[in-house]
Amino acid sequence: MNVITVIGILCLVELCIGTISPPTLKCKKDKGKINSKLHKGPIDRDVFQRNLVVENPKQQDILHESGQYFRNTKHRRFKADVLGYVTPWNGYGLEIAKIFHEKFTMVSPVWLSLASSNTSTYQLSTDAVQTKWLKEMRSNNNANHSVKFIPRVLFEHWSADDIIQLYNNAESQTHLIVTLLDAAQTFHFDGYVLEIWNQFIFAGANLPVVTSIVTSIAHKLKKNNIDIILAVPPSRGSQVELFSKQQFDELAPYVKAFSLMTYDYSSIQRPGPNSPIEWARQCVELLVPKKNDPKRAQILLGINFYGYNYTPDGGRTILASDYLEILRSFKGKIQWDDKSKEHFFESKLTMSSGYVFYPTLYSIKHRLDLANELGTGISIWELGQGLNYFYDLL
């Protein structure tokens, strides 16, 4: 019986118990709480020197050590491309990007959205752009290391008719390109991450139409030295993939990289690991089967810095602060699922009992090793969601 099946059964048991038990008036989360102070900031030893990258981590070590990181943040272990996403709703990610500037080759702020238009003109929403932060980040660029700024563009509320208009109308395409070029010139962007594929497919556009639109945008922007990274869905093992080798091969000459979203494998309806490692491998190999194909370097293997707490009433995503709060009151052993190469544990708190899957140094190290083996880069969703010492691995 695999981990997912066991967790599913136990979640049902927890649900049954929860429905017949009277509600508690007092939260018991502080009972047996580990008194531990979270130390933060730079120190003289990295996670390897502190013997923290282990299969059997202790919650005390995570609580004590996870806020600390090696002070030499210029040292890079992972030599391929590293894209880090930052969002306006998580301000700590902007700070992380500054602290670990040298670890990234690209940073993608989630700032921009492009609404549809029936008048063949397009308005790019740039209100969220933080020019002060951009200036601070660029001040850290030098001859030895320079980070590219490639904000994400979300294509919001596009209907099938809007998409067909863009596909059929050369003037519409020109307006859209000019809009993107103007913003890139104004804010000195190096490119864009296009969050367009799933949005257009789910709006009803077929694969050839979406491929053609992305090809046109990427080709024209590339002529103006603007890089395009395309966010693409992972394989789900279905008969008709949303993004396959055919689309990859057609787009590879025009797109700088593909941000492959190899996370959220499981869900509240199907609890389990966030990104089973063999599934992540298969997602890459389906797009570029040949081991030494240089096109693999265009793939940015997605790594999640968030986790999930699966509870009897459903559950939710959790960030570092949530994880540490649960861990403070956790009694037991953090378990290692050797098949998925992920850690999890069962939390039995009165107010938030459930199964917790959250990345660890050991699980992330396995995924970085996989990226090295496959010859890909990585993309991290998102900076600020993880623990500080994760960045020692990069």
Residues Val86, Ile96; criterion side-chain contact (heavy atoms from CB on, under 4.5 Å); working and verdict | CA-CA 9 Å; Val86 293; Ile96 286 291; over 6 Å; no
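- Two residues are said to be in side-chain contact when any heavy atoms from C-beta on lie closer than 4.5 Å; Ile228 and Tyr254 fail this criterion.
- Note: His101 and His145 have perpendicular aromatic rings, judged against thresholds of 30 and 60 degrees for the angle between ring planes.
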Solution key, residues 283-298 side-chain donor-acceptor pairs under 3.5 Å, sequence neighbours excluded:
residue : atom : partner : partner atom : Å
Asp293  : OD1  : Lys295  : N            : 2.9
Lys295  : NZ   : Asp249  : OD1          : 3.1
Arg296  : NE   : Val288  : O            : 3.0
Arg296  : NE   : Lys290  : O            : 3.4
Arg296  : NH1  : Leu374  : O            : 3.4
Arg296  : NH2  : Val288  : O            : 3.0
Arg296  : NH2  : Pro289  : O            : 3.2
Gln298  : NE2  : Ala252  : O            : 3.0
Gln298  : NE2  : Val255  : O            : 2.8

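- Look at Arg76 and Glu102 and you find no salt bridge, because none of the NZ, NE, NH1 or NH2 atoms lies under 4.0 Å from a carboxylate O.
- Between Arg50 and Asp61 no salt bridge is recorded (no basic side-chain N to carboxylate O distance below 4.0 Å).
- Side-chain atoms of Ser244 and Gln247 include a donor-acceptor pair closer than 3.5 Å.
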After noting the C-alpha distance and the side-chain angles of Phe100 and Leu394, does the key distance pass the side-chain contact (heavy atoms from CB on, under 4.5 Å) rule?
-> CA-CA 9 Å; Phe100 300 103; Leu394 299 180; over 6 Å; no
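- Note on ring orientation: taking the six-membered ring where Trp is involved, the planes of Phe243 and Trp197 are perpendicular (angle over 60°, cut-offs 30° and 60°).
- Ring orientation note: the planes of Trp133 and Phe149 are nearly perpendicular, at an angle over 60° on the 30°/60° scale.
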Before giving the answer on side-chain contact (heavy atoms from CB on, under 4.5 Å), spell out for Leu176 and Thr179 the whole-Å C-alpha distance, their side-chain angles and the decisive distance to 0.1 Å.
-> CA-CA 5 Å; Leu176 190 148; Thr179 297; 5.6 Å; no
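- No cation-pi contact links Arg270 to Tyr310, judged by a cut-off of 6.0 Å to the six-membered ring centre and 45° from its axis.
- Aromatic ring orientation, Tyr391 versus Phe104: perpendicular (interplanar angle above 60°, classes split at 30° and 60°).
- Scored by the ring-ring contact (aromatic ring centres under 6.0 Å, His included) test, Phe200 finds Phe155, Trp158 as partners (sequence neighbours excluded).
- Ring geometry for Phe344 versus Phe357: interplanar angle under 30°, hence parallel rather than tilted (30 to 60°).
- Side chains of Leu324 and Ser66 form a contact here, defined as non-hydrogen atoms less than 4.5 Å apart.
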Begin from the C-alpha positions of Glu373 and Arg281 and carry the test salt bridge (charged side-chain N to carboxylate O under 4.0 Å, His left out) through to its verdict.
-> CA-CA 10 Å; Glu373 177 195 340; Arg281 176 192 294 276; 2.8 Å; yes
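- Annotation: ring-ring contact (aromatic ring centres under 6.0 Å, His included) contacts of Tyr323 (sequence neighbours excluded): Tyr358.
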